Undergrad: 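Could you have a look at this structure, given as structure tokens, before my questions?
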Amino acid sequence: MAGLLLFSLLPLSVILLCVLHLRGRSFNQHKAVLNSLSLPPSTQTFAFFHPYCNAGGGGERVLWTAIAYIQRTRPEVLCVVYTGDVSATKSSILAKVESRFSITLSPATLHFVFLTRRVLVEDSTYPHFTLIGQSLGSVALVAEALSLFVPDAYMDTMGYAFTLPVVRLLGIPAAAYVHYPTVSPPMISRVTRRAKLIYYHAFMLLYALALRRARIIMVNSSWTKKHVDAVLAYPPFGGRWGIPRPRVVYPSCDTREMARLPLDGRERVILSIAQFRPEKDHAKQIRALHELLKEHPDYVQQGIQLVMIGGCRNADDEARVEVLRKLASDLGVEPHVRFILNAPFPDMLAWLRRASVGLNTMLDEHFGINVVEFMAAGVIPIVHASGGPLEDIVVEFQGQQTGYHATTPAEFASRIHEALSLAADEDLAIRQRARTWAVQRFSEAEFEAGWEASAWSKLLV
Ligand SMILES: *[C@@H]1O[C@H](CO)[C@@H](O)[C@H](O)[C@H]1NC(C)=O
């Protein structure tokens, strides 16, 4: 199997030779691009490999925030984006970035290189051996990218690690921002079929070697860092020297609307914001409410409410909501539970303004943007003691707590009671502290500081 993998790498060498050949052409292309933007010939170029740059998701927010930052602090650098959005144009992409993320980019120092072979990295292209298929596809795609434009420095922002060795072969310094590892040792620890296991291990070795070609690696959370660290340490040879050390640079969250909500005047509302997916474990929230009312029947008179706001994408999700309704009625807490499906943003904000506490019950959530939103909105978070909510978000700030952790329904119930029983001054203090922390930690300024600390600009000398 491993031999097969190595053999399949042969065509890569051929592609690489072609790329090398193309390098000779690059000088004129470079000049033409700089000319078309009226930039001096000495302009340095920093390229981002982001074939789905027009998708409007979290990964794209990172890309545009980084580019806006470079444009602001290093106006003499030209940013280049390799994208497969051939039906878009520079101005339509910039307009979308503006409307979707409220990020204004300058067209003067931004250039797009449109790639026609994005199909090579689509998972639907490879019904079998998807990992290896997409990875080889990304090598071919970056070959197209480099044949169109050779930059002074390169960064993969979409997780195509196999592009890094190709870029390095041309002598271009490379970096990566990793949102999610393609595979990692903890991920495959559950694979039991022998053939599959060998495939994964062989793939992981190649993945690790590719990723090690990056001079700088940034990751989007502690969870991702843990996995990327494990990948980088995976090859049993080669020593530790020169292996890049991943740095956590959290993506910024847009908390502006939430941070404007008043902190006081909160009602007996327990809020949950999560799609109705099984891993979110909404049932635990209903059980926690049941425990709470059993231990402290006073809350019944106070008309306490558990408000569950969530996206419902399909019939499966709807069926799950029905099961949850049934659970609430079986436990006799139905009058205190309210489901709000697919709430528009202003409705969600209105609940964030009324709620006292917010729940997150998912085990090992990688991040948990809803928890950041609770905190920014002044809602005291009570979260599952695992994953991002435990490690990255609901952590002490200035030596004091910003929320609560729990695991079982009974623990959730007692934390809810604790939070609802805080003296008025302490109640206000924890809301204020949680807001200050969340807004600052996941702000654009913090992202930029992390980006700067990564020494990205050293790639350009
Ligand atoms: C990191 O990226 C992954 C994959 O897109 C995502 O699930 C996770 O929420 C991200 N983490 C942060 C902190 O944004």
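In this text the structure is predicted, and so the values were computed from the model without any measurement. Atoms within each ligand, like the ligands themselves, are counted from 1 in listed order.
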Undergrad: Is Thr224 in polar range of ligand 1, meaning some N or O pair under 3.5 Å apart?
TA: no

Undergrad: Ring centres of Tyr160 and Tyr82 under 6.0 Å apart?
TA: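 Centroid separation for Tyr160 and Tyr82: 6.0 Å or greater.
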
Undergrad: Quick one: nearest non-hydrogen protein atom to atom 7 (O) of ligand 1, plus distance?
TA: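 For atom 7 (O) of ligand 1, the nearest protein heavy atom comes out as His366 ND1, 4.5 Å.
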
Undergrad: Quick one: do the Ser272 and Gln285 side chains pair a donor with an acceptor below 3.5 Å?
TA: yes

Undergrad: Which residue owns the protein heavy atom closest to atom 3 (C) of ligand 1, what's the atom, and how far is it?
TA: His179 O, 3.5 Å

Undergrad: Would you say the ring centers of Tyr177 and Phe48 fall short of 6.0 Å from each other?
TA: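 So the answer is no for these two rings.
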
Undergrad: On the 0 to 90° scale, with breaks at 30° and 60°, tag the Phe367-Phe442 ring pair as parallel, tilted or perpendicular.
TA: perpendicular

Undergrad: Could Arg320 and Asp316 be called an ion pair, given the rule that one side-chain N must be under 4.0 Å from one carboxylate O?
TA: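 Salt bridge absent between Arg320 and Asp316.
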
Undergrad: Mind checking whether Ser221 has an N or O less than 3.5 Å away from an N or O of ligand 1?
TA: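 No, there is no polar N/O contact under 3.5 Å.
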
Undergrad: Work out whether the distance between some heavy atom of Pro251 and some atom of ligand 1 is less than 4.0 Å.
TA: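 It does, in that a heavy atom of Pro251 comes within the 4.0 Å cut-off of ligand 1.
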
Undergrad: Salt-bridged, Arg431 to Asp264, with N to O below 4.0 Å?
TA: no

Undergrad: From the options Phe367, Tyr250, Tyr177, select the one whose nearest heavy atom is closest to atom 9 (O) of ligand 1.
TA: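 Selected option, by shortest heavy-atom distance: Phe367.
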
Undergrad: Numbering the atoms of ligand 1 from 1, which are under 4.0 Å from a heavy atom of Asn220?
TA: 1 (C), 2 (O), 3 (C), 8 (C), 10 (C), 11 (N), 12 (C), 13 (C), 14 (O)

